[in-house]
Each structure stands twice: as structure tokens, then as C-alpha cells.
Amino acid sequence: MNMMNILAATAVVGAVGVFVGLFLGAAGILFQVKTNKKEEAVLAALPGNNCGGCGYAGCSGLAAAIAKGEAPVNACPVGGAAAGAKIAAIMGVEAGSAEKMVAYVACTGDCRKAKQDYDYCGQEDCRIMSFVPGGGPKTCSAGCLGFGSCVKACPFDAIHVVNGVAVVDKEACKACGKCVEACPKHLISLIPYRAKYAVACSSADKGPVTMKACQAGCIGCGLCVKNCPSQAVTVKDFHAVIDQEKCTGCGACRDKCPRKCIDAV
């Protein structure tokens, strides 16, 4: 190979490099995605857990929605009021008030209180219990199975199984709702952090049936209703329900409950 061939090859490679560089530069300008400075600032103010508790697909989705005015500035349940205040300052609006919520498991039928129809030996996953006779080994078909699907779903280590029943750590819970979605029995709901009492039972069976299945099951006797001074308790589907907006936290319902199924939260 003589010198002319080497120079020619070098020139060709150089020309191709220049062409590719110019093409990529032009493409970058033509197809560039314009960034929203407010969206970037909002994203930086969010905690970055990407838990989906806000209803959007991660923090970036929420940041985009807030920047467009499609979501409130205090929509992040994990960041809470602190994140809401920062984002409000970025967006130039008032933060507003959002009540802090926590997850609550409406069951207290642990290993000592709830009866079992049989011993279960198999994969410990609540979601596959629909394929098991009776929906699980517990006599109460509405009771917590205690196999921890909610525990696995929680990104904040805020829920654990204690004596066969899931229990939420009120201080660690961020109200992301992952455990609510994971529970196939629909025992978990979000209640106000300020709530003092909640009914720790979800059974819709009549009293005699519930009494045979669990020592702590609500039988719908109505004593809590009769003794509540603020009319915050009602009986629906054979078990008591507390209206947290009316509840004053006096504790009369818990004191009068013969089954001790009203829980201090």
C-alpha cells in the first residue's frame, strides 16, 4: 500500500466522521426534548421512592402532572407536608392541607383467637389462597391469612405479621397503598393518622357464625352504637363501622364491646 492510498483512506474516514458528527448534531437539535424547569425542580423535591401511592407511575409521572397543573402539589403521600410545601413554593401556589393517612388491618384474629379448619403446608402467599379449600385454613373466611403478601409489597418495612395477623407500624407507614392492593381479603384500608379507634374485624357473617370462628370477631350486637355519644358507630353487614369524621376518641365503644374487637390505634 503506497502513501496515496493511505491518505485517501484517511480522508474518507475523516469525511465520514465529519458527516456523522454533523448528522447527529442536527438530529439532536431537531428531535431534542425540551425540559420543563419546574418539572425538574418538582422531581428533585419528591422523595424518589417511586411507590405509586400518588396514583402515578413513579415520581417522574407525578412531577410531570404537577408541572402541568393536573395534580395537587401535596399529592405525594410519602413526602407529606414537607414535600408539599417545597413543591408549592416551586409552583407558586398554596400548599393546602392534606390529612395524613396510615394503613390499618381490620382483623385481630391471631393464632390464639381464630380457629383453624386444618393445617396448611404449602407456599405462603395470601394471593394463592383462592385455590385452597375454604380460601385458607382459618375458619373465618374474612380473616387475615398471615402469609405476608402485604409485607412483601410494602416498600417501607411498615407492616409485619405478628402471631398470624398483619400489623401496621403507624409511624413507619407512608400510606402508599401497596399493602391495600396486595391483600386479597381486602382487610387493609387507609384511615386518618389521627384516628383513635377502629373496628378490627371484617367479617360479614352473622353473630353465631362469627362466634364459632373467632374469639375476637364482631357479632354486630350494637352495644357500641348505643353507647357512642357522637353517633359515630353504625352496624353494617353484621359488624360495626366507625365514622372517623364523627369519632371524638372517647373510647366508649371499645369499653362496651363484649368481644374486644374495637382496637385502639
Side-chain angles (χ1 to χ4, degrees), residues 77 97-117 126 134-136 138-146 150 158-175 177 179-180 183-265:
S97 59
E99 185 169 25
K100 183 177 180 180
M101 307 291 281
V102 293
Y104 178 74
V105 183
C107 179
T108 189
D110 59 23
C111 299
R112 295 166 296 183
K113 300 172 184 175
K115 293 182 180 179
Q116 295 200 91
D117 293 330
C126 304
K138 286 187 176 180
T139 303
C140 176
S141 60
C144 177
L145 294 165
C150 52
I159 186 166
H160 301 90
V161 174
V162 181
N163 291 330
V165 172
V167 178
V168 176
D169 181 340
K170 187 175 181 178
E171 301 307 321
C173 179
K174 303 298 182 183
C179 58
V180 178
C183 179
K185 297 283 188 178
H186 308 294
L187 299 177
I188 308 176
S189 61
L190 298 180
I191 65 173
Y193 178 86
R194 60 173 173 78
K196 300 297 183 183
Y197 299 98
V199 180
C201 180
S202 297
S203 175
D205 291 329
K206 293 182 179 180
V209 176
T210 299
M211 291 179 72
K212 292 179 181 179
C214 182
Q215 296 176 16
C218 179
I219 57 175
C221 67
L223 285 176
C224 51
V225 178
K226 296 174 184 176
N227 287 279
C228 178
S230 58
Q231 299 181 326
V233 190
T234 56
V235 172
K236 182 180 180 182
D237 294 330
F238 305 107
H239 74 273
V241 178
I242 297 177
D243 184 339
Q244 297 297 345
E245 295 302 319
K246 294 181 179 179
C247 179
T248 60
C250 69
C253 57
R254 183 188 63 167
D255 295 340
K256 296 296 181 179
C257 178
R259 304 285 291 172
K260 305 303 178 186
C261 61
I262 296 181
D263 190 18
V265 297

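If you're wondering where the values come from, they're calculated on a predicted model, not measured in any experiment.
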Using the side-chain contact (heavy atoms from CB on, under 4.5 Å) rule, take Ser203 and Cys140 through it: C-alpha gap first, then chi angles, then the decisive distance, then the call. CA-CA 7 Å; Ser203 175; Cys140 176; 4.2 Å; yes

From CA spacing to verdict: side-chain contact (heavy atoms from CB on, under 4.5 Å), Val102, Ile191: CA-CA 6 Å; Val102 293; Ile191 65 173; 4.1 Å; yes

Do Phe238 and Ile219 pass the side-chain contact (heavy atoms from CB on, under 4.5 Å) test, and can you show the C-alpha distance, the side-chain angles, and the key distance before you say yes or no? CA-CA 6 Å; Phe238 305 107; Ile219 57 175; over 6 Å; no

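Of the possible polar contacts, one joining the Lys185 side chain to the Ser141 backbone as a donor-acceptor pair under 3.5 Å is found. Side-chain atoms of Lys196 never come within 3.5 Å of backbone atoms of Gln244 as a donor-acceptor pair (strictly under, hydrogens ignored). In this structure, the side chain of Lys115 engages the main chain of Lys212 through a donor-acceptor pair within 3.5 Å. Not one N or O on the side chain of Lys236 forms a donor-acceptor pair closer than 3.5 Å with the backbone of Val241. A distance-only check finds no donor-acceptor pair linking the side chain of Arg254 to the backbone of Ile262 [under 3.5 Å].
Counting only N and O atoms by type, the side chains of Thr139 and Asp117 include a donor and acceptor under 3.5 Å apart.
Closest approach of Ala142 and Leu187 over heavy atoms only: O-CD2, 2.9 Å. In this structure, Ala103 and Cys179 approach most closely via the heavy-atom pair CB-SG, 3.7 Å. The nearest pair of heavy atoms linking Leu223 to Pro258 is CD1-CD, 4.0 Å. In plain terms, the two heavy atoms of Cys107 and Gly109 that are nearest each other are SG-N, 3.4 Å. When all heavy atoms of Cys224 and Ala240 are compared, the pair lying nearest together is SG-CB, 3.7 Å. Summarising the geometry of Lys138 relative to Cys144, their closest heavy-atom pair is NZ-O, 2.5 Å, with the distance given to 0.1 Å.
For the pair Pro229 and Cys250, the minimum side-chain heavy-atom distance is below 4.5 Å. Within the 4.5 Å cutoff, side-chain heavy atoms of Ile188 are placed close to those of Ile159. Side-chain contact between Tyr197 and Val265: absent, with no pair of heavy atoms (C-beta onward) separated by less than 4.5 Å. Using a 4.5 Å heavy-atom cutoff, the side chains of Tyr193 and Lys170 are in contact. At a threshold of 4.5 Å between non-hydrogen side-chain atoms, the residues Arg112 and Gln215 do not count as touching. Side-chain contact check for Glu99 versus Pro192: some heavy-atom pair is nearer than 4.5 Å. For the pair Cys218 and Thr210, the minimum side-chain heavy-atom distance is 4.5 Å or more. Contact check for Thr108 versus Asp263: no side-chain heavy atoms found under the 4.5 Å cut-off.
In this structure, OG on Ser230 lies 8.5 Å from CG on Asp243, to the nearest 0.5 angstrom. Taken from CE in Met211 to NZ in Lys206, the straight-line distance is 15.5 Å, to the nearest 0.5 Å. Atom NZ of Lys226 sits about 15.0 Å away from atom SG of Cys253, to the nearest 0.5 Å. Rounded to the nearest 0.5 Å, atoms SG (Cys214) and CZ (Arg259) are 7.0 Å apart.
Environment of NZ in Lys100: crowded, with over 12 heavy atoms of neighbouring residues, nucleotides or ligands closer than 6.0 Å.
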